Amino acid sequence: MKAGEIFIGGDWRQPVASETYQPINPANEEPLAAVGKGDERDIDLAIAAARKAFDEGPWPRMGAHERGRIVWRLGDLIQQNLDEMARLESLCTGKTLFDSGKVEIPFAADVFRYYAGWATKIHGETLQLRDNAFTFTLRQPVGVIGAIVPWNFPFLLSSWKLGPALAAGNTVVLKPASQTPFTALKFAELCQEAGLPPGVVNVVTGPGGKVGMAMVRDPRVDKIAFTGSTEVGKQIMREAAGTLKRLSLELGGKSPNIVFADADMEAAVRGAMTGIFYNKGEVCAAGSRLFVEEPIHDEFVSKLTDRVKTLKVGDPMDKSTRMGPVVSKAQMDTVMSYIEAGNREGAKLVAGGKRAGSGKGYFVEPTIFDGVSNTMTIAREEIFGPVLSVIPFRSVDDGLAQGNATTYGLAAAVWTRDVAKALKAARAIRAGTVWVNAYNLFDAALPFGGFKESGFGREMGSVGLDHYTEVKTVWVDLS
Ligand code: NAD
(Lines give C-alpha, C1' and ligand atoms only; values in the text may rest on other atoms or scores of the structure.)
Protein backbone atom coordinates (compact mmCIF):
# COMPACT_ATOMS: atom_id res chain seq x y z
CA MET A 1 0.00 0.00 0.00
CA LYS A 2 1.23 3.49 -0.85
CA ALA A 3 0.13 6.62 1.00
CA GLY A 4 -3.29 7.81 -0.14
CA GLU A 5 -4.47 4.47 -1.52
CA ILE A 6 -7.72 2.69 -0.79
CA PHE A 7 -8.46 -1.03 -1.05
CA ILE A 8 -11.00 -2.22 -3.62
CA GLY A 9 -11.46 -5.66 -5.17
CA GLY A 10 -8.20 -6.92 -3.71
CA ASP A 11 -6.14 -4.06 -5.22
CA TRP A 12 -4.66 -0.88 -3.84
CA ARG A 13 -5.56 2.18 -5.88
CA GLN A 14 -5.80 5.94 -5.67
CA PRO A 15 -9.32 7.34 -5.15
CA VAL A 16 -10.95 8.41 -8.43
CA ALA A 17 -10.43 12.07 -7.54
CA SER A 18 -6.78 11.36 -6.60
CA GLU A 19 -7.27 13.50 -3.50
CA THR A 20 -5.82 12.92 -0.06
CA TYR A 21 -6.15 14.41 3.40
CA GLN A 22 -4.07 14.14 6.56
CA PRO A 23 -5.61 13.12 9.89
CA ILE A 24 -4.27 15.09 12.85
CA ASN A 25 -2.35 13.61 15.77
CA PRO A 26 -4.38 14.90 18.73
CA ALA A 27 -1.38 14.70 21.08
CA ASN A 28 0.66 17.32 19.17
CA GLU A 29 -1.69 18.71 16.50
CA GLU A 30 0.72 17.62 13.74
CA PRO A 31 -0.62 16.10 10.49
CA LEU A 32 -0.18 12.35 10.08
CA ALA A 33 0.34 10.32 6.88
CA ALA A 34 -1.75 11.17 3.80
CA VAL A 35 -4.91 9.10 3.39
CA GLY A 36 -7.14 8.72 0.32
CA LYS A 37 -10.14 11.05 0.26
CA GLY A 38 -12.69 8.72 -1.28
CA ASP A 39 -16.05 9.90 -2.57
CA GLU A 40 -19.23 8.42 -4.06
CA ARG A 41 -17.35 7.13 -7.12
CA ASP A 42 -15.00 5.07 -4.97
CA ILE A 43 -17.89 3.70 -2.95
CA ASP A 44 -19.55 2.75 -6.21
CA LEU A 45 -16.48 0.73 -7.23
CA ALA A 46 -16.12 -0.84 -3.79
CA ILE A 47 -19.77 -1.91 -3.71
CA ALA A 48 -19.43 -3.38 -7.22
CA ALA A 49 -16.38 -5.37 -6.07
CA ALA A 50 -18.15 -6.60 -2.93
CA ARG A 51 -21.25 -7.49 -4.95
CA LYS A 52 -19.19 -9.46 -7.47
CA ALA A 53 -17.33 -11.27 -4.70
CA PHE A 54 -20.65 -12.20 -3.16
CA ASP A 55 -22.57 -13.11 -6.31
CA GLU A 56 -19.80 -14.87 -8.21
CA GLY A 57 -16.96 -15.39 -5.84
CA PRO A 58 -16.02 -18.41 -3.84
CA TRP A 59 -16.49 -16.79 -0.43
CA PRO A 60 -20.19 -17.47 0.39
CA ARG A 61 -20.00 -20.95 -1.12
CA MET A 62 -16.61 -21.91 0.25
CA GLY A 63 -16.58 -24.81 2.71
CA ALA A 64 -17.31 -23.50 6.19
CA HIS A 65 -14.15 -25.11 7.57
CA GLU A 66 -12.00 -23.32 5.07
CA ARG A 67 -13.75 -19.98 5.64
CA GLY A 68 -13.37 -20.42 9.37
CA ARG A 69 -9.64 -21.11 8.97
CA ILE A 70 -9.17 -17.85 7.04
CA VAL A 71 -11.09 -15.86 9.67
CA TRP A 72 -8.94 -17.50 12.36
CA ARG A 73 -5.82 -16.57 10.40
CA LEU A 74 -6.97 -12.95 10.43
CA GLY A 75 -7.05 -13.14 14.23
CA ASP A 76 -3.52 -14.56 14.25
CA LEU A 77 -2.22 -11.88 11.89
CA ILE A 78 -3.74 -9.12 14.01
CA GLN A 79 -1.98 -10.59 17.04
CA GLN A 80 1.31 -10.86 15.12
CA ASN A 81 1.02 -7.22 14.05
CA LEU A 82 -0.13 -6.07 17.47
CA ASP A 83 2.58 -3.45 18.06
CA GLU A 84 2.07 -1.76 14.70
CA MET A 85 -1.73 -1.90 14.94
CA ALA A 86 -1.63 -0.45 18.47
CA ARG A 87 0.68 2.38 17.42
CA LEU A 88 -1.47 3.22 14.40
CA GLU A 89 -4.58 3.28 16.59
CA SER A 90 -3.00 5.45 19.29
CA LEU A 91 -1.44 7.97 16.87
CA CYS A 92 -4.75 9.22 15.51
CA THR A 93 -7.17 8.55 18.40
CA GLY A 94 -5.02 9.80 21.29
CA LYS A 95 -5.80 6.61 23.21
CA THR A 96 -2.90 5.32 25.28
CA LEU A 97 -0.61 2.66 23.92
CA PHE A 98 -1.58 0.73 27.01
CA ASP A 99 -5.27 0.72 25.99
CA SER A 100 -4.69 -0.07 22.34
CA GLY A 101 -1.86 -2.56 22.84
CA LYS A 102 -2.96 -4.36 25.99
CA VAL A 103 -6.72 -4.23 25.65
CA GLU A 104 -8.31 -3.31 22.35
CA ILE A 105 -6.23 -4.82 19.52
CA PRO A 106 -5.88 -8.16 21.39
CA PHE A 107 -9.65 -8.09 21.97
CA ALA A 108 -10.23 -7.54 18.24
CA ALA A 109 -8.02 -10.57 17.48
CA ASP A 110 -10.17 -12.58 19.90
CA VAL A 111 -13.34 -11.49 18.12
CA PHE A 112 -12.07 -12.93 14.81
CA ARG A 113 -11.09 -16.19 16.52
CA TYR A 114 -14.41 -16.41 18.31
CA TYR A 115 -16.35 -16.05 15.04
CA ALA A 116 -13.94 -18.33 13.16
CA GLY A 117 -15.31 -21.10 15.38
CA TRP A 118 -18.87 -20.17 14.44
CA ALA A 119 -18.30 -20.62 10.69
CA THR A 120 -19.01 -24.36 11.01
CA LYS A 121 -21.88 -23.93 13.46
CA ILE A 122 -24.29 -21.75 11.52
CA HIS A 123 -27.23 -24.01 10.77
CA GLY A 124 -30.93 -24.11 10.06
CA GLU A 125 -33.51 -26.49 11.49
CA THR A 126 -35.36 -29.55 10.22
CA LEU A 127 -39.07 -29.36 11.08
CA GLN A 128 -41.03 -32.61 11.08
CA LEU A 129 -44.50 -31.28 10.29
CA ARG A 130 -46.24 -33.81 8.06
CA ASP A 131 -45.57 -37.07 6.29
CA ASN A 132 -45.92 -35.69 2.80
CA ALA A 133 -43.38 -32.92 3.13
CA PHE A 134 -39.79 -32.34 4.13
CA THR A 135 -39.46 -28.86 5.61
CA PHE A 136 -36.33 -27.18 6.82
CA THR A 137 -34.67 -23.80 7.16
CA LEU A 138 -31.36 -22.57 5.83
CA ARG A 139 -29.31 -19.73 7.26
CA GLN A 140 -27.62 -17.92 4.42
CA PRO A 141 -25.38 -14.87 4.34
CA VAL A 142 -27.19 -11.54 3.92
CA GLY A 143 -24.94 -10.32 1.09
CA VAL A 144 -22.98 -7.07 0.88
CA ILE A 145 -22.49 -5.37 4.23
CA GLY A 146 -21.70 -1.67 4.56
CA ALA A 147 -19.82 -1.26 7.84
CA ILE A 148 -19.52 2.29 9.18
CA VAL A 149 -17.50 2.79 12.36
CA PRO A 150 -16.67 5.74 14.63
CA TRP A 151 -13.33 7.09 15.81
CA ASN A 152 -13.35 6.04 19.46
CA PHE A 153 -12.53 2.31 19.03
CA PRO A 154 -11.80 2.22 15.31
CA PHE A 155 -10.50 -1.29 14.91
CA LEU A 156 -12.27 -3.01 17.79
CA LEU A 157 -15.68 -1.87 16.59
CA SER A 158 -14.77 -2.89 13.03
CA SER A 159 -13.97 -6.39 14.32
CA TRP A 160 -17.43 -6.67 15.92
CA LYS A 161 -18.85 -6.32 12.38
CA LEU A 162 -16.19 -8.00 10.26
CA GLY A 163 -15.88 -11.12 12.45
CA PRO A 164 -19.51 -12.30 12.19
CA ALA A 165 -20.00 -10.91 8.66
CA LEU A 166 -17.05 -12.86 7.27
CA ALA A 167 -17.68 -16.05 9.24
CA ALA A 168 -21.22 -16.17 7.82
CA GLY A 169 -19.97 -15.69 4.22
CA ASN A 170 -20.86 -12.03 3.56
CA THR A 171 -18.69 -9.48 1.76
CA VAL A 172 -17.95 -6.08 3.28
CA VAL A 173 -17.22 -2.46 2.43
CA LEU A 174 -15.63 -0.91 5.52
CA LYS A 175 -15.69 2.83 6.05
CA PRO A 176 -13.64 3.98 9.02
CA ALA A 177 -14.15 7.42 10.58
CA SER A 178 -12.16 10.05 8.68
CA GLN A 179 -10.09 10.93 11.77
CA THR A 180 -8.97 7.32 12.37
CA PRO A 181 -8.43 5.34 9.15
CA PHE A 182 -5.06 3.67 9.72
CA THR A 183 -5.91 0.32 11.31
CA ALA A 184 -8.62 -0.31 8.70
CA LEU A 185 -6.01 0.14 5.96
CA LYS A 186 -3.54 -2.09 7.79
CA PHE A 187 -6.30 -4.69 8.15
CA ALA A 188 -6.78 -4.66 4.37
CA GLU A 189 -3.12 -5.67 4.02
CA LEU A 190 -3.71 -8.49 6.50
CA CYS A 191 -6.73 -9.66 4.45
CA GLN A 192 -4.41 -10.04 1.45
CA GLU A 193 -1.91 -11.94 3.57
CA ALA A 194 -4.60 -14.21 5.01
CA GLY A 195 -5.71 -15.24 1.51
CA LEU A 196 -9.14 -13.61 1.56
CA PRO A 197 -10.50 -13.63 -2.03
CA PRO A 198 -10.54 -10.23 -3.81
CA GLY A 199 -13.56 -8.07 -3.06
CA VAL A 200 -14.55 -9.84 0.16
CA VAL A 201 -13.23 -6.90 2.21
CA ASN A 202 -12.93 -3.41 0.71
CA VAL A 203 -11.81 -0.31 2.61
CA VAL A 204 -12.76 3.19 1.50
CA THR A 205 -11.52 6.14 3.53
CA GLY A 206 -13.05 9.60 3.35
CA PRO A 207 -15.66 11.91 4.84
CA GLY A 208 -18.65 10.16 6.46
CA GLY A 209 -21.46 12.29 5.11
CA LYS A 210 -20.48 11.49 1.49
CA VAL A 211 -18.92 8.05 1.60
CA GLY A 212 -21.09 6.61 4.37
CA MET A 213 -24.36 7.95 3.02
CA ALA A 214 -23.58 6.67 -0.50
CA MET A 215 -23.46 3.16 0.98
CA VAL A 216 -26.68 3.66 2.89
CA ARG A 217 -28.54 4.69 -0.27
CA ASP A 218 -27.10 2.12 -2.66
CA PRO A 219 -29.52 -0.72 -3.51
CA ARG A 220 -26.62 -3.16 -4.04
CA VAL A 221 -25.81 -3.01 -0.32
CA ASP A 222 -27.97 -5.44 1.67
CA LYS A 223 -27.24 -4.27 5.18
CA ILE A 224 -25.66 -1.38 7.04
CA ALA A 225 -23.89 -2.09 10.31
CA PHE A 226 -23.40 1.31 11.90
CA THR A 227 -21.75 2.41 15.11
CA GLY A 228 -21.76 6.11 15.86
CA SER A 229 -23.84 8.93 17.20
CA THR A 230 -27.59 8.69 17.71
CA GLU A 231 -28.04 11.71 15.46
CA VAL A 232 -26.30 10.10 12.46
CA GLY A 233 -27.98 6.77 13.32
CA LYS A 234 -31.38 8.44 12.88
CA GLN A 235 -30.33 9.92 9.52
CA ILE A 236 -29.15 6.51 8.39
CA MET A 237 -32.41 4.89 9.46
CA ARG A 238 -34.39 7.44 7.45
CA GLU A 239 -32.24 7.00 4.35
CA ALA A 240 -32.11 3.20 4.62
CA ALA A 241 -35.90 3.16 4.34
CA GLY A 242 -35.47 3.95 0.63
CA THR A 243 -34.20 0.43 -0.05
CA LEU A 244 -35.59 -1.23 3.11
CA LYS A 245 -32.05 -2.12 4.06
CA ARG A 246 -31.29 -4.32 7.03
CA LEU A 247 -29.82 -2.24 9.82
CA SER A 248 -28.03 -2.63 13.08
CA LEU A 249 -27.39 0.59 14.96
CA GLU A 250 -25.02 0.86 17.92
CA LEU A 251 -25.46 4.43 19.08
CA GLY A 252 -24.76 6.78 21.95
CA GLY A 253 -25.23 6.41 25.68
CA LYS A 254 -25.53 8.21 28.99
CA SER A 255 -25.07 5.24 31.23
CA PRO A 256 -25.91 5.20 34.96
CA ASN A 257 -23.29 3.85 37.36
CA ILE A 258 -25.23 3.32 40.60
CA VAL A 259 -23.43 2.91 43.92
CA PHE A 260 -25.54 1.70 46.85
CA ALA A 261 -24.53 2.46 50.41
CA ASP A 262 -23.58 -1.18 51.11
CA ALA A 263 -21.08 -1.35 48.24
CA ASP A 264 -17.39 -2.17 48.57
CA MET A 265 -16.36 1.46 48.44
CA GLU A 266 -12.79 1.04 47.20
CA ALA A 267 -13.92 -1.20 44.35
CA ALA A 268 -16.74 1.17 43.43
CA VAL A 269 -14.37 4.17 43.38
CA ARG A 270 -12.05 2.27 41.03
CA GLY A 271 -15.08 1.30 38.91
CA ALA A 272 -16.28 4.89 38.76
CA MET A 273 -12.84 5.95 37.51
CA THR A 274 -12.68 3.26 34.81
CA GLY A 275 -16.31 3.90 33.97
CA ILE A 276 -15.72 7.51 32.96
CA PHE A 277 -12.01 8.00 32.31
CA TYR A 278 -11.12 4.89 30.25
CA ASN A 279 -10.30 6.16 26.74
CA LYS A 280 -10.84 9.76 28.03
CA GLY A 281 -14.55 9.15 28.35
CA GLU A 282 -14.88 8.61 24.60
CA VAL A 283 -16.74 5.39 25.26
CA CYS A 284 -20.32 4.79 24.19
CA ALA A 285 -20.92 2.84 27.42
CA ALA A 286 -19.15 5.42 29.66
CA GLY A 287 -20.57 5.59 33.17
CA SER A 288 -21.05 9.34 32.80
CA ARG A 289 -23.85 9.59 35.39
CA LEU A 290 -22.61 8.39 38.77
CA PHE A 291 -25.45 7.91 41.26
CA VAL A 292 -24.26 7.67 44.87
CA GLU A 293 -26.62 6.79 47.74
CA GLU A 294 -26.80 9.65 50.20
CA PRO A 295 -25.27 8.03 53.34
CA ILE A 296 -21.94 7.41 51.58
CA HIS A 297 -22.02 10.32 49.14
CA ASP A 298 -19.54 12.70 50.82
CA GLU A 299 -16.94 10.06 51.63
CA PHE A 300 -17.25 8.55 48.15
CA VAL A 301 -16.77 11.87 46.35
CA SER A 302 -13.78 12.71 48.52
CA LYS A 303 -12.10 9.37 47.72
CA LEU A 304 -12.89 9.81 44.04
CA THR A 305 -11.41 13.32 43.84
CA ASP A 306 -8.27 12.09 45.66
CA ARG A 307 -7.89 9.28 43.20
CA VAL A 308 -8.43 11.42 40.13
CA LYS A 309 -5.30 13.40 41.08
CA THR A 310 -3.23 10.24 40.48
CA LEU A 311 -4.47 9.75 36.92
CA LYS A 312 -1.54 10.54 34.64
CA VAL A 313 -2.66 12.62 31.65
CA GLY A 314 -0.19 13.04 28.80
CA ASP A 315 1.54 11.57 25.77
CA PRO A 316 -0.45 8.49 24.76
CA MET A 317 2.75 6.86 23.46
CA ASP A 318 4.31 6.96 26.94
CA LYS A 319 3.58 3.62 28.56
CA SER A 320 2.94 5.19 31.96
CA THR A 321 0.20 7.53 30.66
CA ARG A 322 -3.34 6.57 31.64
CA MET A 323 -5.27 9.26 29.78
CA GLY A 324 -4.39 10.83 26.43
CA PRO A 325 -5.89 13.79 24.55
CA VAL A 326 -9.44 13.76 23.22
CA VAL A 327 -9.59 12.89 19.54
CA SER A 328 -9.85 16.30 17.86
CA LYS A 329 -10.14 20.03 18.36
CA ALA A 330 -13.85 19.82 17.55
CA GLN A 331 -14.33 17.19 20.24
CA MET A 332 -12.28 19.20 22.74
CA ASP A 333 -14.38 22.30 22.06
CA THR A 334 -17.56 20.24 22.57
CA VAL A 335 -16.27 18.86 25.87
CA MET A 336 -15.23 22.33 27.08
CA SER A 337 -18.65 23.72 26.17
CA TYR A 338 -20.31 21.03 28.32
CA ILE A 339 -18.00 21.94 31.21
CA GLU A 340 -19.13 25.55 30.81
CA ALA A 341 -22.76 24.37 30.79
CA GLY A 342 -22.16 22.45 34.05
CA ASN A 343 -20.73 25.56 35.71
CA ARG A 344 -23.49 27.78 34.33
CA GLU A 345 -26.32 25.50 35.46
CA GLY A 346 -25.02 25.34 39.03
CA ALA A 347 -23.25 21.98 39.28
CA LYS A 348 -20.32 21.96 41.72
CA LEU A 349 -16.94 21.45 40.02
CA VAL A 350 -14.83 19.27 42.34
CA ALA A 351 -12.05 18.15 39.98
CA GLY A 352 -10.54 19.32 36.69
CA GLY A 353 -12.59 21.60 34.47
CA LYS A 354 -9.80 22.99 32.31
CA ARG A 355 -7.65 22.07 29.36
CA ALA A 356 -4.63 20.08 30.48
CA GLY A 357 -0.99 20.32 29.40
CA SER A 358 1.00 23.41 28.66
CA GLY A 359 1.60 23.16 24.95
CA LYS A 360 -0.03 21.59 21.97
CA GLY A 361 -2.54 18.77 22.03
CA TYR A 362 -6.23 18.40 22.80
CA PHE A 363 -5.85 17.50 26.46
CA VAL A 364 -8.70 17.99 28.91
CA GLU A 365 -8.40 17.47 32.66
CA PRO A 366 -10.39 14.58 34.12
CA THR A 367 -13.40 16.51 35.36
CA ILE A 368 -15.97 15.78 38.07
CA PHE A 369 -19.12 17.72 38.85
CA ASP A 370 -20.92 16.98 42.10
CA GLY A 371 -24.44 18.01 43.12
CA VAL A 372 -25.72 17.41 39.60
CA SER A 373 -29.41 16.91 39.01
CA ASN A 374 -30.68 14.57 36.35
CA THR A 375 -32.26 17.47 34.50
CA MET A 376 -29.04 19.44 33.88
CA THR A 377 -27.56 19.42 30.39
CA ILE A 378 -24.42 17.55 31.53
CA ALA A 379 -26.61 14.76 32.94
CA ARG A 380 -28.86 14.48 29.90
CA GLU A 381 -26.61 14.79 26.86
CA GLU A 382 -23.79 12.52 25.80
CA ILE A 383 -20.57 14.51 26.30
CA PHE A 384 -18.20 11.83 25.04
CA GLY A 385 -15.30 13.16 27.06
CA PRO A 386 -13.73 12.90 30.54
CA VAL A 387 -16.58 14.60 32.41
CA LEU A 388 -18.43 12.87 35.24
CA SER A 389 -21.73 13.98 36.79
CA VAL A 390 -22.28 12.84 40.38
CA ILE A 391 -25.95 12.64 41.39
CA PRO A 392 -27.01 11.73 44.94
CA PHE A 393 -30.04 9.44 45.51
CA ARG A 394 -32.16 8.32 48.49
CA SER A 395 -33.34 4.73 48.04
CA VAL A 396 -33.09 1.71 45.78
CA ASP A 397 -36.21 2.70 43.87
CA ASP A 398 -35.09 6.33 43.60
CA GLY A 399 -31.64 5.26 42.25
CA LEU A 400 -33.16 2.92 39.68
CA ALA A 401 -35.81 5.44 38.59
CA GLN A 402 -33.23 8.20 38.16
CA GLY A 403 -30.86 5.79 36.41
CA ASN A 404 -33.57 4.93 33.90
CA ALA A 405 -34.56 8.57 33.36
CA THR A 406 -32.68 8.94 30.08
CA THR A 407 -33.46 8.55 26.41
CA TYR A 408 -30.48 6.20 26.11
CA GLY A 409 -30.14 2.56 27.21
CA LEU A 410 -26.73 1.21 26.35
CA ALA A 411 -25.18 0.09 29.64
CA ALA A 412 -25.34 0.47 33.41
CA ALA A 413 -23.63 -0.74 36.56
CA VAL A 414 -24.71 -1.30 40.14
CA TRP A 415 -22.46 -1.67 43.15
CA THR A 416 -23.82 -3.56 46.16
CA ARG A 417 -23.05 -6.56 48.38
CA ASP A 418 -26.73 -7.54 48.41
CA VAL A 419 -27.43 -10.11 45.69
CA ALA A 420 -31.20 -9.53 45.76
CA LYS A 421 -30.71 -5.80 45.26
CA ALA A 422 -28.24 -6.47 42.43
CA LEU A 423 -30.65 -8.80 40.64
CA LYS A 424 -33.58 -6.45 41.12
CA ALA A 425 -31.50 -3.68 39.55
CA ALA A 426 -30.28 -5.91 36.72
CA ARG A 427 -33.89 -6.56 35.74
CA ALA A 428 -35.18 -3.05 36.28
CA ILE A 429 -32.56 -1.12 34.34
CA ARG A 430 -33.48 -0.61 30.72
CA ALA A 431 -30.09 -1.07 29.08
CA GLY A 432 -28.37 -3.66 26.93
CA THR A 433 -25.68 -4.47 29.49
CA VAL A 434 -25.76 -4.30 33.29
CA TRP A 435 -22.53 -4.83 35.20
CA VAL A 436 -22.71 -5.79 38.87
CA ASN A 437 -19.69 -4.68 40.91
CA ALA A 438 -17.72 -4.03 37.72
CA TYR A 439 -17.58 -1.60 34.83
CA ASN A 440 -16.58 -1.77 31.15
CA LEU A 441 -16.11 -5.52 30.93
CA PHE A 442 -16.63 -7.07 27.49
CA ASP A 443 -16.17 -10.46 25.90
CA ALA A 444 -16.45 -11.65 22.30
CA ALA A 445 -19.00 -14.23 23.49
CA LEU A 446 -21.28 -11.67 25.20
CA PRO A 447 -23.77 -9.60 23.19
CA PHE A 448 -23.49 -5.82 23.36
CA GLY A 449 -25.98 -3.21 22.15
CA GLY A 450 -28.66 -0.79 23.15
CA PHE A 451 -32.22 -0.28 24.32
CA LYS A 452 -34.12 2.90 23.44
CA GLU A 453 -32.15 5.57 21.54
CA SER A 454 -28.90 3.66 22.00
CA GLY A 455 -29.92 1.66 18.95
CA PHE A 456 -30.96 -1.87 18.15
CA GLY A 457 -29.33 -5.14 17.29
CA ARG A 458 -26.61 -6.86 19.28
CA GLU A 459 -23.00 -7.32 18.34
CA MET A 460 -20.79 -10.18 19.53
CA GLY A 461 -21.91 -13.49 20.94
CA SER A 462 -23.99 -16.00 18.99
CA VAL A 463 -26.82 -13.48 18.52
CA GLY A 464 -24.34 -11.21 16.72
CA LEU A 465 -24.59 -13.66 13.80
CA ASP A 466 -28.33 -13.07 13.41
CA HIS A 467 -27.66 -9.76 11.64
CA TYR A 468 -25.43 -11.41 9.10
CA THR A 469 -27.69 -14.30 8.10
CA GLU A 470 -31.10 -14.55 6.45
CA VAL A 471 -33.39 -17.44 7.34
CA LYS A 472 -34.90 -19.25 4.37
CA THR A 473 -37.69 -21.82 4.58
CA VAL A 474 -37.57 -24.77 2.20
CA TRP A 475 -40.67 -26.95 1.68
CA VAL A 476 -40.19 -30.13 -0.32
CA ASP A 477 -43.46 -31.69 -1.29
CA LEU A 478 -43.27 -35.48 -1.01
CA SER A 479 -46.85 -36.37 -1.89
P1 NAD B 1 -20.53 9.84 14.06
O2 NAD B 1 -21.94 9.38 14.08
O3 NAD B 1 -20.25 11.26 13.77
O4 NAD B 1 -19.70 9.02 12.96
C5 NAD B 1 -19.69 7.61 12.97
C6 NAD B 1 -19.31 7.12 11.57
O7 NAD B 1 -20.32 7.53 10.66
C8 NAD B 1 -18.03 7.70 11.01
O9 NAD B 1 -17.39 6.74 10.19
C10 NAD B 1 -18.51 8.86 10.18
O11 NAD B 1 -17.61 9.21 9.16
C12 NAD B 1 -19.79 8.29 9.60
N13 NAD B 1 -20.78 9.29 9.23
C14 NAD B 1 -20.90 10.57 9.66
N15 NAD B 1 -21.95 11.16 9.08
C16 NAD B 1 -22.52 10.23 8.28
C17 NAD B 1 -23.65 10.24 7.44
N18 NAD B 1 -24.42 11.32 7.30
N19 NAD B 1 -23.95 9.09 6.79
C20 NAD B 1 -23.23 7.97 6.93
N21 NAD B 1 -22.13 7.93 7.71
C22 NAD B 1 -21.79 9.03 8.38
O23 NAD B 1 -19.93 9.36 15.44
P24 NAD B 1 -18.47 9.61 16.01
O25 NAD B 1 -18.42 11.03 16.45
O26 NAD B 1 -17.44 9.10 15.06
O27 NAD B 1 -18.46 8.62 17.25
C28 NAD B 1 -18.98 8.94 18.47
C29 NAD B 1 -20.36 8.37 18.66
O30 NAD B 1 -20.36 6.96 18.46
C31 NAD B 1 -20.88 8.57 20.06
O32 NAD B 1 -22.21 9.00 20.03
C33 NAD B 1 -20.80 7.19 20.68
O34 NAD B 1 -21.67 6.97 21.74
C35 NAD B 1 -21.08 6.32 19.52
N36 NAD B 1 -20.56 4.97 19.75
C37 NAD B 1 -21.44 3.95 20.01
C38 NAD B 1 -20.97 2.67 20.29
C39 NAD B 1 -21.90 1.52 20.57
O40 NAD B 1 -21.46 0.37 20.50
N41 NAD B 1 -23.15 1.75 20.88
C42 NAD B 1 -19.61 2.44 20.31
C43 NAD B 1 -18.75 3.51 20.05
C44 NAD B 1 -19.24 4.77 19.77
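Just so we're clear, the structure is a prediction, and the values are computed from it rather than from any experiment. Order of listing sets the numbers, starting from 1, for every ligand and every atom in it. Keep in mind that the numbers below use all heavy atoms, side chains included, and drop hydrogens, waters and symmetry copies. The first residue in the sequence is number 1, and the count goes up from there.
- For Arg51 (side chain) and Ala46 (main-chain N/O), no donor-acceptor pair under 3.5 Å exists by modelled atom type.
- Atom 27 (O) of ligand 1 has Pro150 CB, 3.2 Å as its closest protein atom, hydrogens excluded (heavy atom only).
- The protein non-hydrogen atom at the shortest distance from atom 36 (N) of ligand 1 is Cys284 CB, 3.5 Å.
- Among Lys175, Glu459, Glu231, the residue whose heavy atom lies closest to atom 11 (O) of ligand 1 is Lys175.
- Rounding to the nearest 0.5 Å places CD of Glu89 at 9.5 Å from CZ of Phe153.
- Ligand 1 places these atoms under 4.0 Å from at least one heavy atom of Gly212: 20 (C), 21 (N).
- Taking all heavy atoms of Val232, Val149, Ile224 into account, the minimum distance to atom 6 (C) of ligand 1 is reached by Val149.
- Protein non-hydrogen atoms do reach within 4.0 Å of atom 18 (N) of ligand 1.
- At a heavy-atom distance under 4.0 Å, only side-chain atoms of Leu157, from C-beta outward, approach ligand 1.
- Residue Ser229 has at least one N or O atom closer than 3.5 Å to an N or O atom of ligand 1.
- The part of Ile148 lying near ligand 1 is the side chain, judged by heavy-atom distances below 4.0 Å.
- Taking each of Thr334, Thr227, Asn152 in turn, the one with a heavy atom nearest to atom 5 (C) of ligand 1 proves to be Thr227.
- Distances below 4.0 Å separate heavy atoms of Leu410 from the following atoms of ligand 1: 41 (N).
- Residues His467 and Val142 have side chains not in contact (no heavy-atom distance under 4.5 Å, counting atoms from C-beta outward).
- A cation-pi arrangement is found for Lys223 relative to Tyr468, the charged atom lying closer than 6.0 Å to the ring centre and inside a 45° cone about the ring normal.
- In this structure, Asn152 contributes its side chain and Glu282 its backbone to a donor-acceptor pair below 3.5 Å.
- Each of the atoms 8 (C), 9 (O) of ligand 1 lies under 4.0 Å from some heavy atom of Ala177.
- Each of Glu239, Lys245, Arg246 was checked for a side-chain hydrogen bond (donor to acceptor under 3.5 Å, both in side chains) with Thr243, and the lone residue meeting it is Lys245.
- In this structure, the protein non-hydrogen atom closest to atom 21 (N) of ligand 1 is Gly208 O, 3.5 Å.
- Contact between Val216 and ligand 1 is absent, with no heavy atom of the residue lying under 4.0 Å from the ligand.
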List the atom pairs, with distances to 0.1 Å, where a side-chain N or O of residues 2-14 and a protein N or O form a donor-acceptor pair under 3.5 Å, not counting sequence neighbours.
residue: Glu5; atom: OE1; partner: Lys2; partner atom: N; Å: 2.8
residue: Trp12; atom: NE1; partner: Gln192; partner atom: OE1; Å: 2.9

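- Trp160 and Phe448 have perpendicular rings, their planes meeting at more than 60° on a 0 to 90° scale where under 30° would count as parallel.
- Between Ile236 and ligand 1, not a single N/O pair is under 3.5 Å apart.
- In this pair, Trp151 and Phe384 present their aromatic rings perpendicular. The plane angle is above 60°, beyond the 30 to 60° band.
- The backbone N or O of Glu30 lies less than 3.5 Å from no partner atom in the side chain of Asn25, so there is not a single donor-acceptor pair.
- Heavy atoms of Gln235 found under 4.0 angstrom from ligand 1 belong exclusively to the side chain.
- Remark: the backbone N or O of Ile391 is not paired with any side-chain donor or acceptor of Asn374 at under 3.5 angstrom.
- Listed by chain and residue number, Trp435 satisfy the ring pair (Phe, Tyr, Trp, His ring centres under 6.0 Å) test with Tyr439 (two or more places apart in sequence, or in another chain).
- Remark: ligand 1 and Ser454 share no N or O pair separated by less than 3.5 Å (distance only, no angle test).
- Heavy atoms of Glu382 found under 4.0 angstrom from ligand 1 belong exclusively to the side chain.
- The residue among Gly252, Ala286, Gly228, Ala285 with a heavy atom at the shortest distance from atom 35 (C) of ligand 1 is Gly228.
- Contact between Leu251 and Cys284 at its shortest, heavy atoms only, is O-CB, 3.9 Å.
- The closest non-hydrogen atom to atom 33 (C) of ligand 1, taken over Phe226, Phe153, Trp151, Phe384, comes from Phe384.
- Closest protein heavy atom to atom 41 (N) of ligand 1: Leu251 O, 2.7 Å.
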